[in-house]
Amino acid sequence: MIGLLVGVPLLGAAVLLCGGRRLDRTGHWLGTLLAAVSFAIGAALFASMLGEDAESRAMHSKLFSWVPVEGFQADVAFQLDQLSMTFVLLITGVGTLIHLYSVGYMEHDPGRRRFFGYLNLFLAAMLLLVLADNYLLLYVGWEGVGLASYLLIGFWQHKPTAATAAKKAFIVNRVGDAGLAIAIFLMFTTFGTFAFAPVLSSAGDASEGQLTAIGLMLLLAACGKSAQVPLQSWLGDAMEGPTPVSALIHAATMVTAGVYLITRSGAIFNGAPDAQLVVVVVGAVTLLFGAIVGCAKDDIKKALAGSTMSQIGYMILAAGLGPIGYAFAIMHLVTHGFFKAGLFLGAGSVMHGMNDEVDMRRYGGLRKYMPVTFVTFGLGYLAIIGFPGLSGFFSKDQIIEAAFAKGGTEGWILGAVTLLGAAITAYYMTRVMLMTFFGEERWRQAPTPSPAEPDVEPAAETRGEHAEPHPHESPKVMTIPMIVLAFGSVFAGGIFKAGDSFVNWLEPVTAFEHGHSPVSATTVTAATVVSLVIGVGAAWFQYGRKPVPVVAPRGNLLTRAARRDLLQDDFNHVVLVSGGTHLTRSLVYVDHKVVDGAVNGTAATFGGLSGRLRRLQNGFARSYAVSMFGGAAVLIAATLLMRAV
Amino acid sequence: MSFPLLTVTAALPAVGAVATAAVPAAKRTAAKWLALVFSLATLVLAAVVLARFDPDGARYQLTESHAWISDFGVRYELGVDGIGAALMALTALLIPFVIGAGWHDADQVEGEPTHRRWRPTQGFFALILAVEAMVLVSFAATDVFLFYIFFEAMLIPMYFLIGGFGDRAHAAGEEEGAKQRSYAAVKFLLYNLAGGLIMLAAVIGLFVVSSDSLGEGTFSLPELLRARANGDLTMSTSTERLLFLGFFVAFAIKAPLWPLHTWLPNAMGEATAPVAVLITAVVDKVGTFAMLRFCLGLFPNASSWATPVVIGLALVSVLYGALLAVGQRDIKRLVAYASISHFGFIILGVFAMTSQGQSGATLYMVFHGISTAALMLVAGFLISRRGSRLIADYGGVQKVAPVLAGTFLVGGLATLSLPGLAPFVSEFLVLVGTYSRYPVAGIIATAGIILAALYVLVLYQRTMTGPVRKPEIEGMPDLKVRELAVVAPLVALLLFLGVFPKPLSEIVNPAVEHTLSDVQKKDPKPQHPVADHNKWFDYKPAGHGGGDHE
């Protein structure tokens, strides 16, 4: 049954990718259907899980022995507990909605069947990631989602920018993957196994140093997949992929895998306070980093990508807090999955109606033309900024409170950072909202193509045109998923919070401790609301009160740096790309001149090899005889030597 | 006497080679089909070998033994352990694909006068079968001298295959192309010949040592191992080290190990893609196989003595090969340098002297063979369409030939060891096995997986993605039926063995345990082994918190 969860979308991927053109007309519905079947299986398993006692809900199922080697046992085996179940429902639920949305969004794309094949492949890999019962199988899912992400970012392969972004995402992720591999090596040499249950139950036996090393390597992996500093640079570029991909993979599910990994490995981090501290710092830094970048971007998807990075920073931070934070990290992950997917789908809907324009400076006043998009996007907006009563309010508030509860100076710093983050979030999201749906209809004044995006996506009906757009609402197949996600954005948080149901649900897996915050819960909530008001107010002051210029003003130093993703790519380029290029070029030279030359030279000294090389080229038999003769000399000498010793 | 299965398996392609060569000049197509049929029949026999092999049985099975040159104790002795059986199967598996992919590589060029006695097509396929026969004997030989003869003899047909059959359209022009081809062939020959001669000295040295301590010289590996184990065969430390080096250098050239690798990019670059596959996927494997079988078994102390240096050189190979692959402009040379990196991994696994490392290394030999074949053969199909090996001459192929691009990507992903495809299993085992004994080496080697992603994806990006800018690409046809028939089974195998490598690893494991007991090495024990596996399912997180938040 658990295997079917992975198997159904995998089958879909195989059929769609190998099926050929026959499936062009129906393939997208097949893909959507299989995603829905997978969701149905997940829901059925959820129902049966609810029927069990809280402590005995975990299910195990071993399919077969994968790599049996002396002392090394890797199985294809699944573990479905409350944590995995939460992810299964999120992945298949949001996944199905986004499949449905894509039916409309990709309607005119010639590669639609391939697109759905990749989406199904992604679902299978992501489910494998969260269902594996050992780290090696998790690694398969981990790189599997990386592959799906690579294929989907680069889906429009004819665009050089897309191909480059896809490659960059894969390679940056590989750095993280190497971390995961080393973490597995460490587990193997420490515990003799890398299956979850034995490793996690024996984590207490290992020394703190060993746990810290494992924890840091797991964190490296999490940084790659979840776009945390210092491996964050790929996420902004990943927006080259079709928008449904950005919604599913680069907002709701795959990028949160790092949070899953850390939460799943809680027993390891609990025994390694130093590693936890690094986790918290990474989360806090990324939280601000992403938020600042999000403030400066004019590309709606890139602004949302900065926001994703920042929100995952919250989750990573919460996960680094230990048992007081795990459940809240996952809770924010789920609510974020709803509202961020909704926001991306809304952005896609806007682009769909605007000739694939992504520059928000060329939007404005769209609420009249796209009412459904406006309302659903607006609810997602309210949820993400933490408007009281909506999903994001509950989940973020809990994280802020837990940050204060970390205790000591650290607690105050973290609390302040999370509050500051909340204010910036309110600022940049209000900016997106105002620039897109309010104000003047700037698209009427700016019919020229946006310089940032010379190539338009071929998905649009009006592909290649740069005439004045005619904004319109998207078809039902696209708006229905947006409406469903908007419901989640509004209500999920409240439901999870009611009676601490979410925390109680996860507690058997992640454990839970009540944090003791130095400031009262009411004060935290009040502070959160105040930062929210400050952020919204500042954005209104700048973008709502006066008209938004179509051409971006030069901006101060910080703005300019933030537009360039705080110079991350410039740094990478100088240090890694040009350094690496020089290294490989000089090595090519060295290999040709020095290594080849040295070996030939050494040989020449002993047997006259290189001199003969030239002469040998005109005849085989003679030269062969000559080298045989030379070799025979070596042989006799060696034999004599052997006799002597 | 039982049926000499190994002899027949190895002799069949030899008979095929003679038969193919004897086909009249005009009947080129018949010669091709004949070669293909022989290679397929050999594959069937190799499958029988694999099926008859009993993992729980004796160390060497299906043994045959006949006196040959009794004055020097040389015997015709064959026998396979799990490692040999797996590699025989790999060889027999790949040859039909090599033949299928090279179907038109030795066709008559248009306008070339038909000469009654000049039969390049027949020669090409006969040489391939001849190489197969010799490689099969090398994997099955348990007599050191018998192994040596075939180890050396296979150079001759390989020399002609590299020097005689290059790509039709050479970037540097027909004449310059022939020159470079000839240079590559001679370089291949001299490097390997030099290694072989050093080995011959060591082979004779081994005979001398064995006749000194056993009274009667022998080349029989099982006998030597037995004598070594019960202390009858002794040699001084320096003798053992010299003999080890004699064998090792020969195998390291063949493998090839840095810095003895420079012949490989030339040979693989100039040869046609199927011959390049023959070199790197089949012939070179004899080198790493022989390290496992001969170096470790016969000279355990010297092997341990040399291990630090060998591990160091293997690490250099891993990173150096990968970095050079990144810097290549020529598709085939890129694959060659990638192979050097992969051979570094194999040697690392062999000399890590752990079960995981050596099982991984053996599986690596098999899986690298399949993955490189997939990548290189598709690259060959691509090159034959455009008549250029330069990466810069391509771009946007995905748009005109999606199936070609897709299979190329799968081959590339296998090369970068993507989980789910076979090479991942072996690479991970090698890394785990290395890490458990040499953590620093394990971590350095892990950097190789990042570089692999770089060279594979850069290659894919430059050749397959982007807009179609060149008119030669625009009309490029997708894979034809013959080409698809070559690639599809390889892709299927990569997937199958990635998910279910168990049948193969079960055959390999006992052989690895024997080898490890030869060198008297035990796997490092985990520091905090999980004692009671039954408590797995009782795991409750609450009781295991570090308690650092109270």
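Proteins get letters first, then strands, A, B, ... in listed order; numbering begins at 1 in each.
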Student: Let's test your reading of the structure: which of B:V512, B:I450, B:I443, B:V425 forms the most heavy-atom pairs below 4.5 Å with chain A?
Tutor: B:I450
Student: Between B:H261, B:M199, B:K525, who has the most heavy-atom pairs with chain A when the cutoff is under 4.5 Å?
Tutor: B:H261
Student: Rounded to the nearest 0.5 Å, what separates atom CD1 in A:I171 from atom CG in B:L454?
Tutor: 4.5 Å
Student: How long is the span from the OG atom in B:S505 to the CH2 atom in A:W66, to the nearest 0.5 Å?
Tutor: 11.5 Å
Student: Checking B:P524 against chain A: side chain, backbone, both or neither under 4.5 Å from a heavy atom?
Tutor: neither
Student: Please round to the nearest 0.5 Å and tell me the distance separating atom CG of A:L587 and atom CG of B:L319.
Tutor: 10.0 Å
Student: Residues two or more places apart in sequence or in another chain: which of them pass side chain to side chain donor-acceptor pair (under 3.5 Å) with A:D81?
Tutor: A:Q79, A:S84, A:R264
Student: Working note: A:T584 + B:L324, criterion side chain to side chain contact (heavy atoms under 4.5 Å, CB included); need CA distance, chi angles, decisive distance, verdict.
Tutor: CA-CA 6 Å; A:T584 54; B:L324 274 149; over 6 Å; no
Student: Please determine, among A:T581, A:L136, A:L583, the option with the most heavy-atom pairs under 4.5 Å with chain B.
Tutor: A:L136
Student: With a 4.5 Å cut-off on side-chain heavy atoms, are A:K159 and B:T465 touching?
Tutor: no
Student: May I ask you to name which of B:L363, B:L416, B:T354 has the most heavy-atom pairs under 4.5 Å with chain A?
Tutor: B:L416
Student: Any side-chain heavy-atom pair from A:K167 and B:V458 closer than 4.5 angstrom?
Tutor: yes
Student: Do you know which of B:L451, B:L418, B:V326 has the most heavy-atom pairs with chain A at a distance under 4.5 angstrom?
Tutor: B:L418
Student: So which heavy atom on A:V588 is nearest to which on B:G327, and how close?
Tutor: CG2-O, 3.8 Å
Student: Taking only residues two or more places apart in sequence, or in another chain, which ones meet A:F64 in a side-chain contact (heavy atoms from CB on, under 4.5 Å)?
Tutor: A:V76, B:V499, B:F500
Student: What pair of heavy atoms forms the shortest contact from A:S65 to B:K502, and how long is it?
Tutor: O-CD, 3.6 Å
Student: If I measure from the heavy atoms of chain B, does A:L17 come under 4.5 Å with its side chain, its backbone, both, or neither?
Tutor: neither
Student: Keeping B:Q398 on the side-chain end and A:H158 on the backbone end, is there a donor-acceptor pair under 3.5 Å?
Tutor: no
Student: Check whether the ring centres of A:Y139 and B:F424 lie less than 6.0 Å apart, and answer yes or no.
Tutor: yes
Student: Measure distances from B:S359 to the heavy atoms of chain A and classify the residue's part below 4.5 Å as side chain, backbone, both or neither.
Tutor: side chain
Student: May I have the step-by-step check of side chain to side chain contact (heavy atoms under 4.5 Å, CB included) for B:N509 and A:E70, ending in yes or no?
Tutor: CA-CA 7 Å; B:N509 288 341; A:E70 186 73 28; 5.8 Å; no
Student: Answer whether the closest heavy-atom distance between the side chains of B:T446 and A:F185 falls below 4.5 Å.
Tutor: yes
Student: Considering only heavy atoms and a distance below 4.5 Å, find which of A:N173, A:V199, A:L186 pairs most often with chain B.
Tutor: A:L186
Student: Take A:F170 and B:V456, measure what side chain to side chain contact (heavy atoms under 4.5 Å, CB included) needs, and give me the verdict at the end.
Tutor: CA-CA 11 Å; A:F170 195 96; B:V456 167; over 6 Å; no
Student: Give, as side chain, backbone, both or neither, the part of A:Q210 having an atom under 4.5 angstrom from any heavy atom of chain B.
Tutor: side chain
Student: To the nearest 0.5 Å, what is the distance between CZ (A:F188) and CD (B:Q356)?
Tutor: 4.0 Å
Student: With only heavy atoms counted, which part of A:Y150 is less than 4.5 Å from chain B, the side chain, the backbone, both or neither?
Tutor: side chain
Student: Say whether, by atom type as modelled, one donor and one acceptor occur between the side chain of A:R174 and the main chain of B:I449 under 3.5 angstrom.
Tutor: yes
Student: What distance do B:L413 atom CG and A:E143 atom CD have between them, rounded to the nearest 0.5 Å?
Tutor: 10.0 Å
Student: Could you grab the distance from atom CG of A:L151 to atom CG of B:L409, nearest 0.5 Å is fine?
Tutor: 6.5 Å
Student: Does a donor on one side chain and an acceptor on the other come within less than 3.5 Å for A:T164 and B:Q461?
Tutor: yes
Student: Contact between B:P526 and A:T189 at the side-chain level, heavy atoms closer than 4.5 Å - yes or no?
Tutor: no
Student: With a 4.5 angstrom heavy-atom cut-off, is it the side chain or the backbone of B:W258 that approaches chain A, or both, or neither?
Tutor: side chain
